[in-house]
Amino acid sequence: MQNHIQILEKDFLNCDDIITLLSLNKEQANDLFKKSEQIKQKYVGNKVYYRGLVEMSNICKKDCYYCGIRRSNKNVSRYELGDKQIIDAVQYCYNNNFGSIVLQGGERTDKVFVDRVANLLREIKKLSNGELGVTLSLGEQTLETYKMWKEAGAHRYLMRIEESNRELYQKLHPDNDLHSFDERLAALKRIQDAGYQTGTGVMIGLPFQTVEHLADDLIFLREFNIDMVGMGPYIEHEDTPLFQYKDQLWPLEGRLFMSFKMYAILRIMMKDINIAATTALQTIDPIGRERVIRFAANVIMPNVTPGVVRKNYLLYENKPCVDEGADDCLDCLEKRLKLVNAEVGFNEWGDSKHFIERTKG
Ligand code: 5AD
Ligand code: FES
């Protein structure tokens, strides 16, 4: 068997290599992080791009067993931001020289919603003279809807596969058409087919999940030829069915460390994609996002959702910054990013280089 130093010299990582790397201890993992930092600098550089995150609504028709805003959770007060609130949050991003925004929300497919999103997209493009890049994260939709939203101005779409192993996916979701693994996969393909820069990702440290599953998840991302990834540790939420397995989980620190290794291996495997440093990292470690930006990630999504409703968008517990206005967080973010050798790409879209390469004529 090869040791991790030899594996890190390889051009192509196979499943066994990935499992070996995911199993490294703290000291050995430093070699992994060093390698991934070199690759990050070489292929995507030290720029980090802001995507202002607007959580439009926590009304969701789905019932995923891990998610705090699942439909069956009666302890959540449901909200929907008005157009003005959304536009104000977007304007805030524009005024602060963010290159892009993300519209995220619970899953809905009704016509009123679909049309509203299209209108919002047109307004966002107008208010920013077409300068703001727009990413959507609104779940599974028809090809027609994806195309319509693209036409209206969105050019990136994020939809996590959550877990790429069918059997495990099924354990984490209700057994019905709304939560079909095949349909989720097909929807991700539709996003790619509609011409978006396509992003997906997984949760790390889920109940029943093994290191082998995580290795397969990374291979899934490579085989799907994905342009962007957002992934993060699973964090149990009391009001969800999966909470009953809380004693079987890796400790939070272990989930964080495993996430760091996932980020580093992904960067080595997919050198030119965009990787977002996600909020769930910050829930475990206040500087968790900055730490992955040092060696792997190149996108961060500051939350610009109006403070009054933010506490209602708790996908998991202890989500950070829910009591603060957008300003409080931005002030020190740039300084913290400097400390990890990252420079903010203000007013730049920061598109996925991988997408540009894969769609080159
Ligand atoms: N822990 C971590 N991430 C979660 N998400 C949902 N519930 C949890 C949880 N308990 C993630 C899912 C979803 C994204 C918006 O939030 O991956 O795609
Ligand atoms: Fe599926 Fe929230 S209900 S992720």
Under a 3.5 Å cutoff, is there a donor and acceptor pairing between the side chains of [X] and [Y]?
X	Y	answer
S164	D216	no
N73	H237	no
N95	Q91	yes

Should [X] and [Y] count as an ion pair when the cut-off is N to O under 4.0 Å?
X	Y	value
E357	K360	yes
R184	E162	yes
E334	K338	yes
D239	K74	no
E183	R190	yes
R255	E236	yes
D182	R166	yes
K84	D88	yes
R116	D83	yes

> Taking the inter-plane angle between the rings of F220 and F224 on a 0 to 90° scale, is it parallel (under 30°), tilted (30 to 60°) or perpendicular (over 60°)?
Replying inline: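 Taking F224 first and then F220, their aromatic rings sit tilted (interplane angle of 30° to 60°).
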> Do the ring planes of F208 and Y245 sit parallel (below 30°), tilted (30 to 60°) or perpendicular (above 60°)?
Replying inline: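 Perpendicular, since the angle between the ring planes exceeds 60°.
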>> What's the separation between atom CD in E223 and atom CG in L221, rounded to the nearest 0.5 Å?
In response: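 Between E223 CD and L221 CG, I get 10.0 Å after rounding to 0.5 Å.
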Taking the side chain as every heavy atom from C-beta outward, state whether [X] and [Y] have any pair of such atoms under 4.5 Å apart.
X	Y	value
Y50	C93	no
L24	N30	no
L214	M262	yes
E123	V90	no
K261	V211	no

Please answer whether the main-chain N or O of [Y] pairs with a side-chain N or O of [X] as donor and acceptor at a distance below 3.5 Å.
X	Y	answer
T200	I161	yes
S57	Y79	yes
S352	M228	no
N303	T305	yes
N129	E131	no
W149	V114	yes
D63	S72	yes

> So does K125 have more than 12 non-hydrogen atoms from other groups sitting under 6.0 Å from NZ?
Replying inline: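 Yes, the 6.0 Å shell around NZ holds more than 12 heavy atoms from other groups.
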> CG of N25: more than 12 outside heavy atoms within 6.0 angstrom?
Replying inline: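 More than 12 within 6.0 Å, yes.
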Hey, quick one: are [X] and [Y] part of the same hydrophobic cluster, counting side-chain heavy atoms closer than 4.5 Å, chains of contacts allowed?
X	Y	result
Y169	L249	no
M231	I191	yes
V202	L168	no

>> I need the minimum non-hydrogen distance between A277 and R289, along with the two atoms involved.
In response: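 Nearest heavy atoms, A277 then R289: CB-O, 3.6 Å.
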> Any idea which heavy atoms bring P207 and L172 closest together, and the distance?
Replying inline: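 Scanning both residues, the minimum pair turns out to be O-CD2, 4.3 Å.
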> Taking the six-membered ring for Trp, is the centroid-to-centroid distance between Y66 and Y234 below 6.0 Å?
Replying inline: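 No; Y234 has its ring centre 6.0 Å or more from that of Y66.
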> What about the rings of Y196 and F355, do their centers lie closer together than 6.0 Å?
Replying inline: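 Aromatic pair excluded; centres sit 6.0 Å or further apart.
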> By salt bridge (Lys or Arg N to Asp or Glu O under 4.0 Å), which residues pair with D17, not counting sequence neighbours?
Replying inline: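 Only K10 meet the salt bridge (Lys or Arg N to Asp or Glu O under 4.0 Å) criterion with D17.
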> Cation over ring, R222 on F12, under 6.0 Å and within 45°?
Replying inline: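 The answer is yes, since R222 meets both limits relative to F12.
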> With a cut-off of under 6.0 Å to the ring centre and 45° to the axis, is K26 in cation-pi contact with F257?
Replying inline: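 Satisfied, under 6.0 Å and within 45°.
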>> Apply salt bridge (Lys or Arg N to Asp or Glu O under 4.0 Å) to residues E163 and K171 and explain how you reach the verdict.
In response: CA-CA 10 Å; E163 167 53 54; K171 281 192 191 158; over 6 Å; no
